[in-house]
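Here is the structure we will look at, set down as structure tokens.
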There are 2 protein chains.
Amino acid sequence: MEEFTVVYNRDKGESFVKSLKDCRTMNLYFIGSTETSTIPGISVAGASPKLTLYTPACDVEYLVHGKPLSFDVIPVTPEGIPTPALITRVALMLSKLPYLIVDTGSYIEPKIPRVSLPSKCTGKRIDHGEALPYDKVKELYCQSATLAKLLSSSCDLFVIGESIPGGTTTALGILVGLGYNAWGMVSSAGPNNPHKLKKSVVKRGLTNSKLSIEETRKDPFKAVSALGDPVHVSIAGFLSQALSEGVKVILAGGTQMAAVLAIAKHLGTDLSRDITIATTRWLINDQSSSIIDLVKMISPHVPIIAVNLDFSSSPFEGLRYYEKGYVKEGVGAGGTTLASLAVKNTSLQRIVYEIYREYHRLVKSGEASGVTHS
Amino acid sequence: MEEFTVVYNRDKGESFVKSLKDCRTMNLYFIGSTETSTIPGISVAGASPKLTLYTPACDVEYLVHGKPLSFDVIPVTPEGIPTPALITRVALMLSKLPYLIVDTGSYIEPKIPRVSLPSKCTGKRIDHGEALPYDKVKELYCQSATLAKLLSSSCDLFVIGESIPGGTTTALGILVGLGYNAWGMVSSAGPNNPHKLKKSVVKRGLTNSKLSIEETRKDPFKAVSALGDPVHVSIAGFLSQALSEGVKVILAGGTQMAAVLAIAKHLGTDLSRDITIATTRWLINDQSSSIIDLVKMISPHVPIIAVNLDFSSSPFEGLRYYEKGYVKEGVGAGGTTLASLAVKNTSLQRIVYEIYREYHRLVKSGEASGVTHS
């Protein structure tokens, strides 16, 4: 199997990847929380609904230090499947690509040096239709754009990942709030995508917010303020500024990145070039979501690339679960792997081998103790 | 006049500068506060002793946005002489070098995206001999080292500046605490260096802290904890990690950088190569301080470079004051100018011309209203 497959806008995607060799690259992982993730059944990006609030901080602490600092164990699903930050960490270590964490509103502050946006704030439950104060939304967008400006002159490529449990539900909220018929199209970190629950949460939010599409199409910040979260709008601000500075961007994530594209588009960003979505094969193969249809609907010129990560021959049960539809993507796993392959010429085989070794280390040290070592 | 002069370790300094051309560069400005700056007479880096606490945040807000956000006017001395961030901003704009702000403990949070160290904290008055909790000192060092690690693989050169009013007094505290006879050698942002006052503050701190040199030479964090501040130890951590990753470093500052060198040295950092101090001609010409003697005493292999900024033909009185010994250095003014010349091949003449234009803009917009336009 090829290391990656361009699954949408093939020619453009392939030439994009070719252009990445030896690019001066900066990876950024935007973290934030939304209390939407504590609605039972919405998110499995944590061992319990409450614990999902701690996942973003633990994800990035693990990324930087190889273990979380705020908790004893790495984030897992209720079944004990480990965070995709595992993949990201290995891809970063092998490629030696530099990176920064950007805190847009993590429920707890990660105990690592990270870029802090002054207006960072945790999002409220979107079913109430008042997720974030309007001013904060706008400020997050502008502050992220400022950050992109500070960094752009030294970079040819930004790789942007996210960690926000509940993020596919807020992405759905943003998309629907902006008038897209995205019902049933966003992904999930579990094998059973709770579309019905997500729909009812977003519908309640829509009703409570009294949003009109006419209004949000004129001012997308209103959709985010009612039904969004701090992460997507921050990434949109960073993206828009980066593209206008002539820096290429890999949006390293799944269906959530469609919400980023939608915000940026309705704020007037030209999405016709220098941008691609890169994710994992698991996300693309997911029958319960459709990133391609989302992108077709929002910004049909953006290529989508699947990195062909495959854990079916893993000696560890916890990783083999990825083949059954668990986790799939997050913390920029797919896109960081692509950058590692395309910018630094690492090999996917080597990355997968090192992921097994890293997982073994975690099991041995007890930091992935939720999972049996089969 | 040459654009810059290597005033100490000439051959080494000259080849260092030559090696900088087209280096992948990241500038970092470490900000923090010490309540030492509120002791009347200690610091003129603010219109009043109390206002010195706000200077670091305003300096970097101005750097990023061209105007402070937390206050209406840019930081000035009691006489209305503008912050050296003016020089830094122009050098950054002309060179388009990327940069980040690192908050180690600013009294107020700057309203810009910036790297936040988890253990950031404002320093107490050092005359009490308990400036910072020991654990915080150690954590700041380690967290800054982590930051250097995240960024090092994409950089050939770091330029590190500081903004901390009262910083020469805390630098004196750190140096004396580490056993250096540095009395009367640190600089000041005013023409009348209050050596007597600084000495009495540090002496009281020494007495109150009951420090022994034997102890601090074994564990330099103790000297910082008793008599230091959050900025110098953070820069030392960043510096040590950067050098060990093979990245060159310009310490962009005056006599305070001697305290950075001292901390790093006594923690075992090899300071024999890849590092230089770059500052302004005003600092080197200052009769009331002696950076060369400090460096000779601490790390005799480190070159010192003076950038020959000269405002004597400025149409603005506020800038001509720099020629009379006001301000001299700060916010990485000298070193950022050197990087702009050496990495990006800008010209000093152009930089000075643009500083005049920038100052004119500030006077017109009222953001440097403390100073008359002569």
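Lettering follows sequence order; numbering is per chain, from 1.
With a 4.5 angstrom heavy-atom cutoff, A/Leu97 touches chain B only via backbone atoms. Only the backbone of A/Ile112 comes within contact range of chain B, with at least one heavy atom under 4.5 Å from a heavy atom of that chain.
Rounding to the nearest 0.5 angstrom, the gap separating the NZ atom in B/Lys344 from the OG atom in A/Ser153 is 6.5 Å.
Put simply, of B/Glu109, B/Lys120, B/Lys96, the one with the most heavy-atom pairs under 4.5 Å next to chain A is B/Lys96.
Counting heavy atoms of neighbouring residues, nucleotides and ligands inside a 6.0 Å radius, atom OH of A/Tyr134 exceeds 12 of them. Within 6.0 Å of CZ on B/Arg357 lie no more than 12 heavy atoms contributed by other residues, nucleotides or ligands.
Side-chain atoms of A/His65 and B/Thr146, non-hydrogen and from C-beta on, do get closer than 4.5 Å to each other. By the 4.5 Å heavy-atom criterion applied to side chains, A/Met26 and B/Leu151 are counted as neighbours.
Side-chain atoms of A/Ser154 never come within 3.5 Å of backbone atoms of B/Pro98 as a donor-acceptor pair (strictly under, hydrogens ignored). Panel note: side chain A/Ser116, backbone B/Arg114; no donor-acceptor pair is recorded below 3.5 Å.
B/Pro113 and A/Leu147 make their closest contact through CG-N, 3.9 Å (heavy atoms, listed as atom of the first residue, atom of the second, distance).
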